[in-house]
Amino acid sequence: MPGMELFGAEERKEVMDVLETGALFRYNHEELRQGNWKARELEEEVEIFTGANYAHAVSSGSTAVAAALAAAGVGHGDEVIVPPFTYIAPIEAVLLAGGLPVFAEIDENLCLSAEGIEKAVTKNTKAVLLVHMVGAAADMDAIMPVIEKHKLILVEDGGQALGAFYKGKSVGLFGKTGAFSFDFFKITTAAEGGMFITNDEKAYKLADSFSDHGHNHVGLNRGMEKHPIIGFNYRISELHAAIGLVQMRRINTIRENNRKNKAYMKEKLSQIPELSFRTMPDPDGDSGTFLNFFLPTTAIAKKVVKEFGIHNIAGCNYWYTNMYHFVNQWDHIMNLKSAAPLAIHQLDAPQDYKKMELPKSQDVIGRLISLGIRATWTEEEMDKQANEMMNVIKRVLKKSLA
Ligand SMILES: *Cc1c(COP(=O)(O)O)cnc(C)c1O
């Protein structure tokens with residue numbers, strides 16, 4: 001979680017630039033700006049870092065996913081294949097766009113698997129919303145042929161994977177459109193913020209308009225701009241963009257530190273032969289934000305997590321029982337509870353969400369523990385963290401496997 005760890009004087013300076021001019025809005029107000037265009041600069045930093053032809057900053061990762069779906073042409077009545085292990089935002093984005101989520105299996109790579117997608121495809125499937133989870137990319141060499149074979153639209157949620165690459169290409173650029181988050185818990189933060197990326201000029205223009213009430217952003221007088229499409233307010237403010245900008249300038253350093261510290265911790269934990277690790281087709285592309293490891297069974301993982309709690313060992317996530325990341329806890333989604341009617345209430349749901357069976361995903365997430373890597377760890381802190389964790393794991397394993 002380095003974004004919030006590394007936060008200081010430079011962020012304050014960029015925010016002060018904005019406050020001193022009073023140009024808090026990302027568009028227009030040239031007379032106030034004194035050359036400050038923080039949202040635009042943030043977009044340029046993301047274009048350079050990811051290699052995307054186009055980046056468009058928005059108010060959150062969630063609104064970036066909404067823009068990515070809209071710009072890819074995914075909406076009312078469209079079946080969209082989604083993973084059961086994800087932050088909940090992409091599922092909400094599909095439902096609120098009028099789409100129909102179809103849950104498919106993940107595997108030890110922690111993302112939708114090619115096999116899982118293939119099995120979930122029906123004649124009504126329009127798109128796959130691929131979520132690159134906990135810091136690294138899905139298995140793109142396996143997935144892309146399935147997307148192409150069935151002529152599906154690929155939309156990528158890289159909310160947890162800015163800084164993750166697959167064989168040199170940034171996540172978010174394999175499909176039609178992609179999204180990143182700059183919320184407080186991500187590799188780089190803007191307090192709140194998100195980023196849409198694409199290599200497709202038409203999709204970029206649609207996202208740009210969609211996230212600002214349909215404005216075409218042509219001309220100097222905002223009040224006289226045309227509105228080619230219906231949109232909404234998903235704009236980022238200059239204050240948030242100013243913070244995100246500094247954080248993006250640091251991302252290479254953060255990523256390097258993450259990867260170094262992760263390698264150190266992985267070597268330690270590898271001393272326990274019963275542990276295995278997330279499969280990663282391209283380890284060089286890892287952003288290094290999490291060390292993901294598997295216990296032999298869900299029961300053992302649960303015991304380890306309980307013991308971590310008893311001994312106040314912080315830093316690990318157990319997504320299986322976490323309220324936001326795994327399907328088992330999403331009663332409101334499974335029962336399609338909403339404030340107002342959604343398209344899915346009026347159409348046939350493509351899956352019986354209450355009876356859905358995803359045995360592979362249940363097994364993988366049941367056994368998974370994710371250690372959040374800190375970019376600022378000292379070797380001493382890492383030794384302490386690793387030793388405390390390993391003592392617990394070894395003790396639980398000894399008892400359980402006895
Ligand atoms: C964090 C996250 C989001 C949402 O981002 P916000 O900025 O919090 O709205 C979307 N998708 C994934 C995978 C995330 O981890």
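The first residue of the sequence shown is numbered 1, and numbering continues consecutively from there. Ligands are counted one by one from 1 in listed order, and the atoms in each one are counted from 1 as well.
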Original post:
Side chains of Phe180 and Thr50: does their closest heavy-atom pair fall under 4.5 Å?
Top reply: yes

Subject >> Inter- and intrachain pairs under salt bridge (Lys or Arg N to Asp or Glu O under 4.0 Å), touching residues 326-352, at least two apart >> reply: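 Listed by first then second residue: Asp352-Lys355.
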
Original post:
Under a strict 4.0 Å criterion on non-hydrogen atoms, which protein residues are in contact with ligand 1?
Top reply: Ser60, Gly61, Ser62, Tyr87, Ala89, Pro90, Val131, Asp157, Gly159, Gln160, Ser181, Asp183, Lys186, Gly193

Original post:
Less than 4.0 Å between a side-chain N and a carboxylate O, is that true for Lys360 and Glu108?
Top reply: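 Salt bridge flag = yes for Lys360 with Glu108.
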
Subject >> Pair Glu238 + Arg33: basic N to acidic O under 4.0 Å >> reply: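 Yes, Glu238 and Arg33 are salt-bridged.
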
Could you pull out every donor-acceptor pair under 3.5 Å between side chains of residues 94-102 and any protein atom, sequence neighbours left out?
none

Original post:
Do any pairs count as a side-chain hydrogen bond (donor to acceptor under 3.5 Å, both in side chains) and have a residue in residues 144-153, sequence neighbours left out, and if so which ones?
Top reply: Glu118-Lys149, Glu118-His150

